[in-house]
Amino acid sequence: MLEVKGLTVAYGLVEAVRDLNFSVARGTVVSLVGPNGAGKTTTLNALSGVVPVAAGGIALEGRDITRVSSHRRVAKGLVQVPEGRLVLAGMSVRENLELGAYRRPSQEVAGDIARMEELFPILADKRETPAGSLSGGEQQMLAMARGLMARPKLLLLDEPSLGLAPLVVKMIFEIVKELKSQGQTILLVEQNVYQSLAVSDYAYVVENGSIVLEGAADKLSADPAVARAYLGQTV
Amino acid sequence: MNVLGQQLVNGLFIGGMYSLFAVGYTLVFGVLDILNLAHAAVFTMGGLAALWLVQSAGLSIWAAFPLATLLAGVLGLLVNQVAFVPLRRRPDTYFSGLISSIAMAIIFEALAMQIFGAHNVRFPAGTVPVVIWRLGGITITLLQVEILATVVLLMVTLTQLLKRARIGKAIRAVAENQRAARLLGINVDGVIAFTFFLSSALGGAAGILFGLYFDSLSPDMGRPIELKGLAVIVLGGMGSVPGAILGGLAFGLSEVLTVAISGTSNLRDAVAFTMLFAIMLLRPSGILGKGRTREA
């Protein structure tokens, strides 16, 4: 589904990520994990085309999209649910969902909204509420539903659990599992390493802009080095 | 009483044109947080283009109005492309855009002067048939009714477009958060260009109506309304379309009422701008303005 080769992103003279190589297979959930500031969000933003790529290439379904503009990437099925959710606070829940389907034929929108309200029942209750007055967890669900409205081939989730209460975090990961069981391909960026490995098939550990470790998610969570560095366990 | 009634009616028409003009400022400001100071020059160009179409091309005002409005919209695209797009990535884009839009205004004004001469011109007699009604001592002309109908029609269309149409929702999304809009698949640069088109078309339409109402056009006719338009959007709340409409009406009414009460037009602008200070003291964000929260 996604092939990334030698991806380098620089802010001025500082390289935020350097020579990243990774891939996401169709129907799998892949995690990029690592500490704050490792370059995970930068990587997703490069995939979405909102930060320029200094070197390397990005291919979606075998086609190079490195120079494709950000809105065309969404049309091609590469959709990001950003960190901090970025819901449109002044617009209603329904309008946010409609804008998620901006690149889709309008006759499919009503049906897709109904599907989203089934997956996230809270959104049905708050249809006409301004998105800005939702709680953090509700905003995260709205952001995910809005991303799904684009019918992504590849869904990029950036820190979906950030700043949420433990119970809500659990719900968010349940939804990721549910999406996975429906066959949705997902690239997940998380600081919550333990939970994200639990829902992933494969994972890459990013540190200081480079991949330092990769492997099947269950192998990584059993790896004593990973456990020590990221899972807060002393082995 | 009739004098007062007459002035209220006049204030409504003038205020309606102020609203139409100011909505153009507020649209661009709402989306980009930037003032397009070429707006008044586009207002002038709209009026003069309609005059040319009527006088030299022999079109009726009904054909000239939409054509000149479209032309003003195209000038808006040009202003965006020349004065704003090249500066968008600069850290001082707000200030440099302000200056480069003034430069565009000066260029437009000079071109207008070259083409139409530096004197006042007017639509040929009979462009709009002169029909006058007297209702209880208040005089209303067909032209006034047509102007008000046009203003209302354009405002309702704009409001519905922003509320319901796909492009209207995209404009609101870009206004709220450009990054979020980009990630939703919205062509942000295209939406910004369209906003300039819309804003300038409305400004051009206001210029045509203004030229018809005051029966006078000139290359510098945009100057007095430029500051009034800015005052109107501050009055109504920066970036708020209904605020600009209300602000325009309030401004127009305050002008004519001052004339009616004081008996002279000397204090007209002084009172209108004093009202601006009063509103800013009482409601710093304007009549309908909200405290805008910007992302860091």
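In what follows, chains are A, B, ... by sequence order, proteins preceding strands, each numbered from 1. Atom set for the values below is all heavy atoms of this structure, side chains included, hydrogens, waters and symmetry mates excluded.
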With a 4.5 Å heavy-atom cut-off, do B/Asn187 and A/Arg103 have their side chains touching? yes
Which region of A/Val81, side chain (C-beta onward) or backbone (N, CA, C, O), has a non-hydrogen atom less than 4.5 Å from a non-hydrogen atom of chain B, or is it both or neither? neither
More than 12 non-hydrogen atoms from neighbouring residues, nucleotides or ligands closer than 6.0 Å to CZ on A/Arg72, yes or no? no
Is B/Arg88 atom CZ crowded by more than 12 heavy atoms from other residues, nucleotides or ligands, each under 6.0 Å away? yes
Under 4.5 Å from a heavy atom of chain A, the part of B/Ala181 involved: neither
For the CG atom on A/Asn208, are there more than 12 heavy atoms of other groups (residues, nucleotides or ligands in this structure) within a distance under 6.0 Å? no
Near B/Asp92 CG, under 6.0 Å, is it more than 12 heavy atoms from other residues, nucleotides or ligands? yes
I'd like to know whether A/Val74 forms a side chain to side chain contact (heavy atoms under 4.5 Å, CB included) with B/Leu184, so could you lay out the CA-CA distance, the side-chain angles of the two residues, the decisive distance to 0.1 Å, and finally the verdict. CA-CA 7 Å; A/Val74 175; B/Leu184 290 172; over 6 Å; no
Picking from A/Gln80, A/Arg85, A/Met149, A/Met91, which has the most non-hydrogen pairs under 4.5 angstrom with chain B? A/Met91
Cut-off 4.5 Å, heavy atoms of chain B, and the answer for A/Ala89 is both
Tell me if the CZ atom of B/Phe95 is crowded by more than 12 foreign heavy atoms within 6.0 Å. no
Where on A/Asn96 is there a heavy atom nearer than 4.5 Å to chain B: the side chain, the backbone, both, or neither? neither
